[in-house]
Every structure is written in structure tokens, then in C-alpha cells.
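Here is the structure we will look at.
Whatever order the structure lists them in is the order used to number ligands and atoms, beginning at 1.
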Amino acid sequence: MSGPVTPSDAPADDRGEPPHLPEVERLESRTVELGGVTVRRALPKRQRRTIGAWCFVDHLGPTEGASMQVGPHPHIGLHTVTWLLEGEALHLDSLGSERPLRPGQLNLMTAGNGVSHAEETPPSVRGRQHGAQLWVAQPETTRHDTPAFEHHSELPHVASGGLDATVLVGELLGHRSPARADTALLGAALSSRFTADTVLPLDPGFEHGIVVLSGAISVGADRIVPGELAYLGLGRDELALAVEPGTEALLLGGEPFEAPLMMWWNFVARHRDEVRTANADWDAGHERFGTVTSRLARIAAPTFV
Ligand code: MN
């Protein structure tokens with residue numbers, strides 16, 4: 001059977017109908033002490049575990065003169081993505097990488113089946129520290145592979161309606177980041193010294209979210225400030241932003257992730273057994289995690305129950 005279409009299917013035309021957009025879901029970050037620095041953890045939340053493959057977002061600082069000292073610790077099944085607004089961090093890992101990270105640069109470490117690293121504020125660095133560390137869950141196709149490390153000092157910059165965007169991962173406004181992405185993903189650092197009003201094109205197959213690091217951004221009636229995550233949902237093909245002076249923010253997006261994650265301590269897996277094994281391997285000094293040369297003490301795994 002077919003037809004006719006009646007007004008109970010859909011209105012005859014869309015005059016006066018506001019475009020249907022997903023609700024903005026606002027989630028308060030949790031404050032955590034990490035290696036001597038206060039961080040606001042925006043993801044994961046009980047109500048919202050992932051945005052695409054983004055599964056962890058820590059906003060570090062801004063702190064005045066504090067230093068972050070995180071000794072050698074392991075990871076599996078994820079990429080760490082580190083981005084600084086102020087200060088400096090030294091990345092040391094079991095692949096032999098030794099890389100200072102400065103504002104405007106991106107460090108991306110892939111854990112695969114196992115890696116370990118340390119993150120230090122160099123003793124010579126004083127003053128403000130401000131940045132973010134994010135994790136991206138690796139898909140089944142790559143999560144058992146070997147680890148890797150990338151440092152990017154040249155990232156695409158694009159301006160839109162007074163807003164400056166640096167493309168960290170994926171593509172925005174036709175500019176693509178050289179950074180590795182194992183799934184369809186977007187990460188962009190948004191920045192504006194002045195008031196900015198802009199509309200960014202988005203992939204409607206992605207879900208998106210915003211974390212404000214300083215200043216404020218309004219999406220419709222929702223004014224988003226530091227200390228919260230705004231989850232924007234799926235199905236938006238554009239995003240209108242009203243940006244206040246002095247704003248720094250992260251726009252995150254991606255295709256909804258393929259599988260439920262098992263996240264515990266520094267491990268991203270699928271099953272409890274994988275975490276139990278990784279935990280025991282780290283404490284036994286198993287070669288899958290290699291060795292980091294660091295002046296800091298190795299961090300023991302907490303007991304997995
Ligand atoms: Mn780490």
C-alpha cells in the first residue's frame with residue numbers, strides 16, 4: 001500500500017518550522033589531582049563515555065608556576081593527544097622518543113599492544129602551564145598493533161568569522177591535519193582574542209562536543225564555560241558559535257565508536273581479562289611496555305578488582 005501523505009506524516013511545508021537540532025547536553029567536569037597539577041576531567045562521564053573515538057579529556061591548569069611530573073606508566077589501546085596553550089612539557093617514551101612540547105605543537109602517541117611514557121615539566125620551565133591531554137580509543141583493526149609516536153609542529157590553521165582554528169586531527173573547513181587517525185575523527189583547537197560569530201560546517205555523520213579551556217562560547221542559548229563539556233549530538237551539518245573575547249576551546253567529533261569500551265586506569269580495552277593481563281604485565285616489567293628513561297619514579301598499577 002502507498003500514499004497519500006497526510007499532515008500526520010509531516011507538515012505540508014516547513015514554513016515556520018525551526019530546523020531540528022539535537023539538544024545541547026551539558027556535563028560538569030570532575031576535578032582531579034594529577035602529578036602535582038589540578039585537572040578538570042571532561043570525559044569519560046557516566047552519562048557520556050565517548051564522542052566518536054574520543055574517550056578521555058583532561059584540561060590541565062591554567063596553573064601559575066606549578067609543574068606536572070608524571071612518572072613512567074603504561075597504556076594500551078589508545079592514542080594520547082597532547083596540546084598546550086601555555087608552558088612546556090617533556091615527553092619521554094619506551095620507543096626512545098624524547099620531545100619537548102610547546103604551545104601550538106601536537107604530540108600523538110599510539111599505544112597499540114603496549115607502550116609506556118613519562119610526562120614532565122622541565123626543571124628550567126617556570127610560569128603558567130595550560131593545556132589538554134586527550135585519549136582516542138583505537139579500533140579493533142589497530143589496537144593490537146605496535147606502538148608509535150608523532151610530533152607535529154606544522155598544523156593547518158584556518159580563520160572563520162573572527163575565529164582561528166588549528167586542525168589537530170581530521171579535517172575542518174577543507175584543511176586536513178597530518179596527524180594519525182584510525183577512525184573518522186575531528187579535533188580542532190578554537191581560539192579568539194575578540195568577539196567572533198561564525199558558522200562551522202560539520203560532518204552530520206559525526207557526533208560532536210565542545211570543551212572550553214578559557215573564555216566562553218555560546219551555542220544557541222547555551223553559554224559554555226571552562227569546567228564543562230557540551231555534547232552536541234549527531235546529525236548537525238553546521239554549528240553556529242558566538243565566541244567571547246579571550247576564548248580557547250576544543251571542538252571534538254567523530255563517528256560513534258564501534259564497540260563498548262572497557263576503560264580502567266591507563267588502559268583502553270574491550271574485556272576485563274585484557275585489563276587484568278595488562279596490569280599484571282606492567283607490574284612484572286613485561287617487555288610489551290618497554291622501558292622509559294626518566295628521572296621520575298615508575299608508577300605502580302593500582303589493584304584491579
Ligand atoms: Mn599517559
query: Would you call Arg48 and Glu25 a salt bridge, using N to O less than 4.0 angstrom?
result: yes
- line: Distance col, row Leu106:CG vs Thr82:OG1, nearest 0.5 angstrom, shows 7.5 Å
- prompt: Have Thr121 and Glu88 got a donor and an acceptor in their side chains that come within less than 3.5 Å?
  reply: no
query: Would the His91 and Phe149 ring centres measure less than 6.0 Å apart?
result: yes
Side chain to side chain, Thr80 and His75, heavy atoms closer than 4.5 Å: yes
task: Would you check if Leu202 and Asp237 make a side-chain contact, meaning some heavy-atom pair closer than 4.5 Å?
output: no
- line: One checks the Mn ion (ligand 1) and counts protein N, O or S atoms under 2.8 Å, reaching 3
